[in-house]
Amino acid sequence: MDVQRETLETDVLIVGAGPAGLALAYKLASLIAEDSSVEMPEILLMEKGSYAGAHALSGAVMDPRGISELIPDFVRQGAPLEAAVSGDAMYYLRRDGALKFPFMPPSLNNHGNYVISLNKFVGWLAEKVEAAGIDIYAGLAGYDLLVEGGRVVGVQTVDMGLDKEGQPRSNFEPGSIVKAGMTVLCEGVHGSLTRHAFEKIPELVSQNLPQAYLTGVKEVWEVPQGRIKPGQVIHTVGYPQPSHEYGGGWIYGMNSNLVSVGYAVGLNSPDPTNDPHLKFQLYKAHPLVRKILEGGKMLHYGAKTIPDNGYYSMPRLYADGLMLCGDSAGMLDPQKLKGIHLAIKSGIMAAETIVEAVRKGDFSAETLRSYQERFESSWARSELYKSRNFHAGFNGGLMAGMFHAVVQMATGGRGLFDRRPRKRDHEYMLTIDKYGSRFGRVPEKTQLKFDNEYSYDKLTDVYKSGTAHEEEQPPHLQISDYDICNNRCTEEYGNPCQHFCPAQVYEMVEDTDRPGKTRLQLTPSTCVHCKTCDIADPYQVIRWVTPQGGEGPNYVNL
Ligand code: SF4
């Protein structure tokens with residue numbers, strides 16, 4: 001479509017008002033306020049959610065190391081902390097029983113950490129950034145990363161007001177071109193512009209291993225008083241994940257009788273019926289979890305993917321005119337399953353680098369290399385390096401992984417091997433036939449009757465995520481080959497998309513043109529932007545592209 005686009009110009013474009021992007025903006029404003037020799041660059045901070053925090057979702061237990069470096073008196077300044085961690089416990093779950101670990105693995109010891117709601121915490125940090133004089137453009141979504149001659153020069157924002165066929169409606173507003181001296185991607189996990197960066201500048205990812213993802217599904221419950229102490233942290237391994245698959249659950253006591261409960265499932269599952277939402281519902285039915293939720297009420301729901309392979313799957317952090325921060329750079333410690341502190345630290349280091357670049361008037365890779373050097377000599381790198389082989393240790397199943405985690409701790413992170421090669425997650429999925437040969441049975445999706453009291457179907461849960469999309473727009477799930485979906489995938493894998501999506505976007509419905517056959521039907525309006533489909537689809541014919549700005553989930557208390 002040939003349209004006239006407005007061009008905006010800025011020095012620094014920050015994409016994403018999550019922990020990394022906000023830490024970057026806040027630190028940049030602080031550094032420049034302290035140094036009169038550097039002029040404040042023009043900064044544009046854009047966020048695709050309808051407000052800062054609308055798409056922010058985490059367990060969430062926060063290691064304060066990052067925020068205490070950014071805002072040392074964050075407690076006095078009123079950071080919304082649910083509770084300081086008051087107790088830790090770890091359980092191995094069987095279907096009906098639970099075995100408490102006699103001791104906490106040091107990596108899971110949360111003494112000194114805080115239970116938070118990430119979406120509230122991000123809202124607070126956003127207020128700090130705005131008070132420091134940086135505006136946040138919420139509801140402004142990036143559609144394409146602009147790269148000219150190998151140099152990132154900005155972003156094109158999403159067109160608003162197109163119909164389902166991509167034709168302009170009466171309210172059509174073309175997306176703008178935002179030209180920037182430097183673009184910092186702080187989009188969160190598996191961001192679409194980050195993906196463009198990897199495709200258009202392949203050297204960013206030529207050295208790293210493929211990322212390993214989990215899908216985490218979470219609810220916040222209000223429970224009767226006294227059911228769980230604020231700050232109580234419980235982690236579980238085992239049921240309902242089979243022992244050869246990766247994942248586990250959590251229960252965190254928040255303020256005001258609220259509880260964060262969730263379950264995270266590896267996307268390298270061999271099972272084509274792998275369903276993170278269903279596993280979470282089964283998890284809540286386990287006696288250990290049920291006794292905490294009994295008599296309570298589910299208030300909020302959300303889901304997102306988690307980048308979990310750590311150090312060896314991190315991309316190069318810079319290119320000409322580009323830096324990558326937080327989850328966009330795979331900065332998550334898989335052993336602790338924590339990334340908020342690393343995202344904040346990456347924002348701090350990116351801000352320091354930008355000040356140098358502004359001083360030199362040079363945003364080339366040569367100058368931005370110092371961001372990578374800062375990272376390599378930081379505590380963030382030391383932490384990630386110690387857990388570099390953690391995820392790979394679980395390739396042989398839960399027990400092998402737990403044994404390997406102990407060896408890894410005793411060997412400074414090496415374990416029994418170093419940098420074990422891995423495939424992309426979708427390549428681990430087996431066809432129905434191969435699954436049958438390997439496991440002696442066809443994939444059998446557990447049937448759970450949702451009672452609407454403790455377990456919910458996907459659409460009931462999505463309603464509690466506040467998700468909203470305008471129906472009249474091009475689908476933001478782009479299927480490059482429906483023939484594969486409606487024929488080959490049905491026969492070989494049984495259409496895994498209808499299982500792994502935690503928001504029921506994908507359904508196989510009767511194909512009226514082909515009696516006895518089914519066809520794929522999409523409902524993009526329920527999408528919670530978790531990105532599971534883009535990662536787990538075995539044929540890689542699904543591509544998640546950014547819908548209109550301000551759409552998607554509207555998380556509260558998550
Ligand atoms: Fe997640 Fe894809 Fe489903 Fe959206 S459509 S909720 S991104 S799996």
Side-chain angles (χ1 to χ4, degrees), residues 16 48-49 54-58 141 143 158 164 187-195 211 213-219 262-269 271-281 300-307 327-328 424-426 429 456-471 473-480 482 485 489 493 495-509 520-548 551-555 558:
K48 74 178 167 68
H55 294 180
L57 174 71
S58 169
Y143 188 76
V158 176
K164 286 184 177 160
E187 289 187 291
V189 59
H190 207 67
S192 42
L193 299 184
T194 307
R195 183 172 171 171
Q211 187 56 269
Y213 295 93
L214 306 171
T215 292
V217 181
K218 170 182 175 179
E219 290 170 352
Y263 201 80
V265 171
L267 293 184
N268 61 346
S269 168
D271 182 354
T273 66
N274 186 29
D275 184 336
H277 174 271
L278 177 65
K279 284 176 179 168
F280 175 53
Q281 304 308 314
H300 309 292
Y301 171 79
K304 75 171 267 208
T305 43
I306 304 165
D327 278 0
S328 289
R424 293 171 68 197
D425 279 338
H426 70 271
M429 189 185 286
Y456 303 92
D457 61 35
K458 291 178 179 177
L459 290 184
T460 305
D461 259 332
V462 167
Y463 178 72
K464 297 284 187 176
S465 69
T467 295
H469 294 87
E470 195 176 325
E471 298 275 352
Q473 63 176 304
H476 70 277
L477 288 320
Q478 295 182 344
I479 310 293
S480 61
Y482 271 96
C485 301
C489 187
Y493 291 95
N495 299 106
C497 56
Q498 59 186 330
H499 306 297
F500 57 57
C501 171
Q504 206 175 311
V505 170
Y506 300 90
E507 285 177 280
M508 298 307 292
V509 297
L520 178 61
Q521 176 177 283
L522 300 183
T523 314
S525 57
T526 61
C527 172
V528 294
H529 296 201
C530 75
K531 315 289 177 67
T532 302
C533 52
D534 198 308
I535 296 162
D537 161 34
Y539 299 99
Q540 293 291 285
V541 293
I542 300 174
R543 182 145 182 157
W544 192 98
V545 300
T546 324
Q548 296 185 150
E551 302 193 341
N554 287 290
Y555 289 143
L558 282 158

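Note that these values count all heavy atoms, side chains included, but never hydrogens, waters or copies made by symmetry. Note that the coordinates shown come from a computational prediction; the quantities given were computed from them, not determined experimentally. Order of appearance sets the numbers: ligands from 1, and atoms from 1 within every ligand.
Heavy atoms of Val505 found under 4.0 angstrom from ligand 1 belong exclusively to the side chain. Of all the heavy atoms of Phe500, none lies under 4.0 Å from any atom of ligand 1, so neither backbone nor side chain is involved.
Short contacts between ligand 1 and Cys533, defined as distances under 4.0 Å to a heavy atom of the residue, involve ligand atoms 2 (Fe), 5 (S), 7 (S), 8 (S). Counting the atoms of ligand 1 from 1 in the order shown, those under 4.0 Å from a heavy atom of Trp544 are 7 (S). Near Cys527, meaning under 4.0 Å from any of its heavy atoms, are these atoms of ligand 1: 4 (Fe), 5 (S), 6 (S), 7 (S). Numbered from 1 in the order shown, with element, the atoms of ligand 1 that lie under 4.0 Å from a heavy atom of Lys531 read 1 (Fe), 7 (S). Annotation for ligand 1: atoms under 4.0 Å from non-hydrogen atoms of Ala503 are 6 (S).
Counting only heavy atoms of the protein, atom 3 (Fe) of ligand 1 lies nearest to Cys501 SG, 2.4 Å. Summary of contacts: the protein heavy atom closest to atom 6 (S) of ligand 1 is Val528 N, 3.4 Å.
Across all their heavy atoms, Asn274 and Lys279 have their closest contact at OD1-NZ, 2.7 Å.
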### Message
One pair to check against side chain to side chain contact (heavy atoms under 4.5 Å, CB included): His529 and Trp544. What are the steps and the verdict?
### Response
CA-CA 8 Å; His529 296 201; Trp544 192 98; 3.5 Å; yes

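Classification of the His469-His476 ring pair by plane angle, with boundaries at 30° and 60°, yields parallel.
Annotation: side chain of Pro538 is in contact with side chain of Pro496 (closest heavy-atom distance under 4.5 Å).
The residue from Asp327, Thr305, Asp534 that alone fulfils the side chain to side chain donor-acceptor pair (under 3.5 Å) condition with His190 is Asp534.
Within the 2.8 Å limit, His529 places no N, O or S atom next to atom 2 (Fe) of ligand 1. At least one N/O/S atom of Cys530, whether from backbone or side chain, sits less than 2.8 Å from atom 1 (Fe) of ligand 1.
At a 4.0 Å cut-off, at least one heavy atom of Tyr506 sits close enough to ligand 1 to count as contact.
Taking a 6.0 Å sphere around OH of Tyr463, one finds it holds 12 or fewer heavy atoms contributed by other residues, nucleotides or ligands. More than 12 heavy atoms of other residues, nucleotides or ligands shown are found within 6.0 angstrom of OH on Tyr456.
For Gln473 and Glu470, the side-chain atoms include no donor-acceptor pair closer than 3.5 Å.
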